[in-house]
Protein chains: 2
Amino acid sequence: MAHPMTTNISRGPYKPGRIREQSRDLILQAAEAEFACHGFRGATMQRIAESAQVPKANIHYYFSNKLGLYGAVLENTLNLWDTVFNELSSHDEPADVLSRYIDAKIDFSRTHPTASRLFAKEMISGAPHLSAYLQQDYRLWFKQRMSIFESWIAQGKMDDLDPAHVIFMIWASTQYYADFEPQILIATQTQHLTEPAFVAAADSIKHIILKGCGIC
Amino acid sequence: MAHPMTTNISRGPYKPGRIREQSRDLILQAAEAEFACHGFRGATMQRIAESAQVPKANIHYYFSNKLGLYGAVLENTLNLWDTVFNELSSHDEPADVLSRYIDAKIDFSRTHPTASRLFAKEMISGAPHLSAYLQQDYRLWFKQRMSIFESWIAQGKMDDLDPAHVIFMIWASTQYYADFEPQILIATQTQHLTEPAFVAAADSIKHIILKGCGIC
DNA sequence: TCAATACTTGTCTATTTAGTCAACTTTTCA
DNA sequence: TGAAAAGTTGACTAAATAGACAAGTATTGA
């Protein structure tokens, strides 16, 4: 009732400010972890607020609602994904291209496990919030890689396999080390996955994929 | 207040009844789908009730609470898992054993996708409700398979690879076709995965795994 | 047939949840 | 320095949620 909005004497506007970005990032990070662990429905704004150590109302200052926050988290993660994988694609030998790609994917699983889990949860739920992205950038990317594989096959550089299944196999194998970490930890009787363990995983995957596809 | 529990003249007991099993199964099936799609926290008793077309109170007659229902669903799925995969294990040639195993896994992904997704969700969430199982049966199974691979390597029947990574790769590749169905559908521009598609996937995986491991 | 038991369900409650709001503090810049 | 804008937050509300309960109905076997 006593909000100082009566006088209109403009003394000077305001600059965008970088507090905004700081707080937003803090909330986004906490939200990513919560959504990755419990999914969209299972996550609660209260838990995200506690995890980010801000009052719940502050989240609503930066994000319209729960769906808006989730969308921002997904967008954030998609950008990260693009940044990491766009550099890969060349006219080099199949062995080099696939080796680098597998290394990059395993490294992504190691350095960004929650991002990987977030996508996995979305996919398992039927990808209700990713359809737009999947129909655009993703399909383009997929078609391009498919044609690369097909040219390799035509040149006799690899076995005559359906490229789609090869790509799925690489994705599945590399993401497994982020998404199914608990299963791996119990199977290997270790407390946490170390960097050498990821390197060993990448080496095994590269060995099997390259040899298995007849690339040598 | 007027519940007929006053007179104690026993005229005859009651037989277990098979209505129990019918209703329980109906609820368990609806619950499996709901938990697989939205996780433990994200699933609601109301939605499960609507999906099973029974009043919510009926669920509480058969299951103590939400956690009890979830536990029953997990137990149900674990039994199914055991039934399907326990037959596999022999002293045959590696190529036969692995081929049959990959076929069985892909077939499980095709015929029981929700079971696969339920486990995937649990794993991604950190497997908070599966620790007991994972520590017992699962670890035993894993150790046994590991030693089989090791004997093959010792006999020069396959390349010198860490068996753990080979097993992970088989699991990842085969479960992918159940867990990440939306991604596959969009990539391959199809409406739903047909049985021939699963067979083709199994063939590709068998080709790459067997050749990649030096089993021929 | 009938009483004991199994099963069903509408209604209620306490708690949790997403989201609002107005009062408040901090930051900016002229 | 001070006023305007940006940012913060405790208290509130309406809806959804898990679960309890009592009053029913259906099924069984003697």
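Chain naming here is simple, since letters A, B, ... match the order of the sequence lines and numbering starts at 1 in each. The structure displayed is predicted, hence computed values, not measured ones.
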dA6(D) phosphate, OP1 or OP2: any side-chain N/O from Arg20(A) under 4.0 angstrom?
no

Tell me which of Arg47(A) and Ser64(A) sits closer to the 5' end of DNA chain C, going by the nucleotide each one is nearest to.
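On the 5' side of the pair lies Arg47(A).
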
Measure from [atom1] on [X] to [atom2] on [N] and round the result to the nearest Å.
X        : N       : atom1 : atom2 : value
Asn65(B) : dT17(D) : CG    : C1'   : 14 Å
Glu21(B) : dA6(C)  : CD    : P     : 16 Å
Gln46(A) : dT17(D) : CD    : C1'   : 16 Å
Arg24(B) : dT8(C)  : CZ    : C1'   : 17 Å
Leu69(A) : dG19(C) : CG    : P     : 10 Å
Lys66(A) : dA18(C) : NZ    : P     : 5 Å
Arg41(A) : dA16(D) : CZ    : P     : 12 Å
His60(B) : dC12(C) : NE2   : C1'   : 14 Å

Gln183(B) backbone acceptor or donor facing Tyr138(A) side chain under 3.5 Å:
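Yes, Tyr138(A) side chain to Gln183(B) backbone: donor-acceptor pair under 3.5 Å.
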
Are the charged groups of Asp179(A) and Lys121(A) less than 4.0 angstrom apart, N to O?
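Looking at Lys121(A) together with Asp179(A), the answer is no, because their closest N to O distance does not fall below 4.0 Å.
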
Pair Glu181(A) + Arg117(A): basic N to acidic O under 4.0 Å:
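Answer for the salt bridge query: yes.
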
Both conditions, 6.0 Å and 45 degrees, for the charged tip of Lys66(A) above the ring of Phe40(A): are they met here?
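Relative to the ring axis of Phe40(A), which defines the angle, Lys66(A) lies inside both limits.
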
Using side-chain contact (heavy atoms from CB on, under 4.5 Å) as the criterion, list what pairs up with Asp203(A), not counting sequence neighbours.
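Asp203(A): side-chain contact (heavy atoms from CB on, under 4.5 Å) contacts with Val199(A), Lys206(A).
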
Parallel, tilted or perpendicular, as decided by the 30° and 60° cut-offs, for the rings of His165(A) and Tyr177(B)
tilted

Parallel, tilted or perpendicular: rings of Phe142(B) and Phe168(B) (30°, 60°):
parallel

Using a 4.0 Å heavy-atom cut-off across all strands, classify Ala43(B) as base, sugar-phosphate, or nothing.
sugar-phosphate

Enumerate the protein-to-nucleotides 8-11 of chain D contacts in which both atoms are nitrogen or oxygen and the separation is below 3.5 Å.
{"residue": "dT8(D)", "atom": "OP1", "partner": "Ser23(A)", "partner atom": "OG", "Å": "3.4"}
{"residue": "dT8(D)", "atom": "OP2", "partner": "Asn58(A)", "partner atom": "OD1", "Å": "3.3"}
{"residue": "dT8(D)", "atom": "OP2", "partner": "Tyr62(A)", "partner atom": "OH", "Å": "2.9"}

